[in-house]
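Hydrogens, waters and symmetry mates play no part in the numbers below; they use all other heavy atoms, side chains included. Chain A is the first sequence line, chain B the second, and so forth, proteins listed ahead of strands; every chain is numbered from 1. Here the structure is a predicted model, which is why all the values come from computation and not from measurement.
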Amino acid sequence: MPELPEAEIVRRNLEANCLGKSIAEVVVKDDRILDNIDAAFLTKSLKGRRFTSAIRYGKRIFLKSEDLQVENKQVKDERAENQQINNHQSKDLWLTTHLGMTGWIDCLNIPDGERPIRDSPYEPRYTRLLIIFDHSGMAYTDPRLFGRLGLTESPDEFIKQRRLGPDALKMDFDEFSKGLRRKTASIKTVLLDQGFIAGLGNLYTDEVLFQAGINPQAKSYAVNDTRSSRLFQSIQEVLNTAISSGSDFNLLPESYLLPHRHRNGRCPKDGSILEVIKVNGRTTYFCPEHQG
DNA sequence: TTTCATGTTCAGCA
DNA sequence: GTGCTGAACATGAA
């Protein structure tokens, strides 16, 4: 279920389970999920390295990898001139991920002496990429194959190239409210635009608009300061709440729309039937009563 | 059997 | 340039 909160959950999981381990094998099981690189290059690039940090930007996760051997050399040889050479050799390489519509990353624990090879019981269904450490591994799963994995030497450059806007949890309020005033599209369309704000998808956009009491069809420029301030707050609250509830909609507060976001779903405030429309081609649930 | 789906990108048109 | 619509991608679930 990948919007920003789900990406953050995956990131934390990777951070807790997949850092510092030597990459023994990289198995690309379906190269349709690769983002402009071929399978052999990805495998060659990551093998023998290890992941050392996991960061998230919007819906994307970046896994930093470092060269094991060069690092060991650096520890042994503290002379500056050699370090410079080594630094050059150990240029950072980041695995980039976008989970698409149905992507996820599972961390695998594998008993001694066993490996998560093709069709083994340790390999989850719909695994498209498998990274094997010594006694553990990680599997990128994605039934619909809309997600993409790739490599970059710089997440900052990557973010610039993709024209991603600021991360939804780090965006500056001034930039947000001024930006809204400049847009003539509907407020929902603007919130979904990853170039304006990165991280909100169809479900959480409905939720933040519900929490802020704003009609999804309202023109962005017509959202006044009071409302854009409330909206900005809702974005922070909703995303943080979703992250702490592990993105389990049943654990969200009673006042949230998401658990009721289905046909015949009712507004958690007054029990009236929610309205379903299309905005920007996306199914949109809202309560006309509370989102004037 | 048909329709819809948490995302992104692109063509075509107003 | 802006924005909207529809299609494409691929597959499971209702």
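- In this structure, Phe249(A) atom CZ and dA5(B) atom P are separated by 14 Å, rounded to whole Å.
- Among the nucleotides dG7(B), dT6(B), dT5(C), the one closest to the side chain of Leu203(A) is dT6(B).
- Across all strands shown, dA10(C) forms no Watson-Crick or G-U wobble pair with both distances under 3.5 Å.
- Residue Leu145(A) has its side chain nearest to dT11(C) when only dG3(C), dA5(B), dT11(C) are considered.
- The base of dA5(B) lies close enough to the side chain of Arg144(A) for a donor and an acceptor atom to sit less than 3.5 Å apart.
- Straight-line distance from the CZ atom of Arg163(A) to the P atom of dT9(B): 11 Å, rounded to whole Å.
- The aromatic ring of Phe146(A) is stacked on the base of dC9(C), with the two ring centres less than 5.5 Å apart and the planes inclined by under 30°.
- If you check dC4(C), dA5(B), dT6(B) against the side chain of Thr189(A), the one that comes closest is dC4(C).
- On the C1' atoms, dC9(C) is 22 Å away from dT1(B), given to the nearest whole Å.
- Of the charged side-chain nitrogens involved, none lies within less than 4.0 Å of a carboxylate oxygen, so that Asp67(A) and Arg50(A) do not count as a salt-bridged pair.
- With dC4(C), dA5(B), dT8(B) as the choices, the nucleotide that has an atom nearest any side-chain atom of Met101(A) turns out to be dA5(B).
- The residue among Arg263(A) and Asp30(A) whose nearest nucleotide of DNA chain C lies closer to the 5′ end is Asp30(A).
- Across all strands shown, Ser186(A) has heavy atoms under 4.0 Å from sugar-phosphate atoms exclusively, and none from any base.
- Residue Arg148(A) is classed as having no contact, given no heavy-atom separation below 4.0 Å to the nucleic acid.
- Base pairing annotation: dT6(B) forms no Watson-Crick or G-U wobble pair, as no partner gives both donor-acceptor distances under 3.5 Å.
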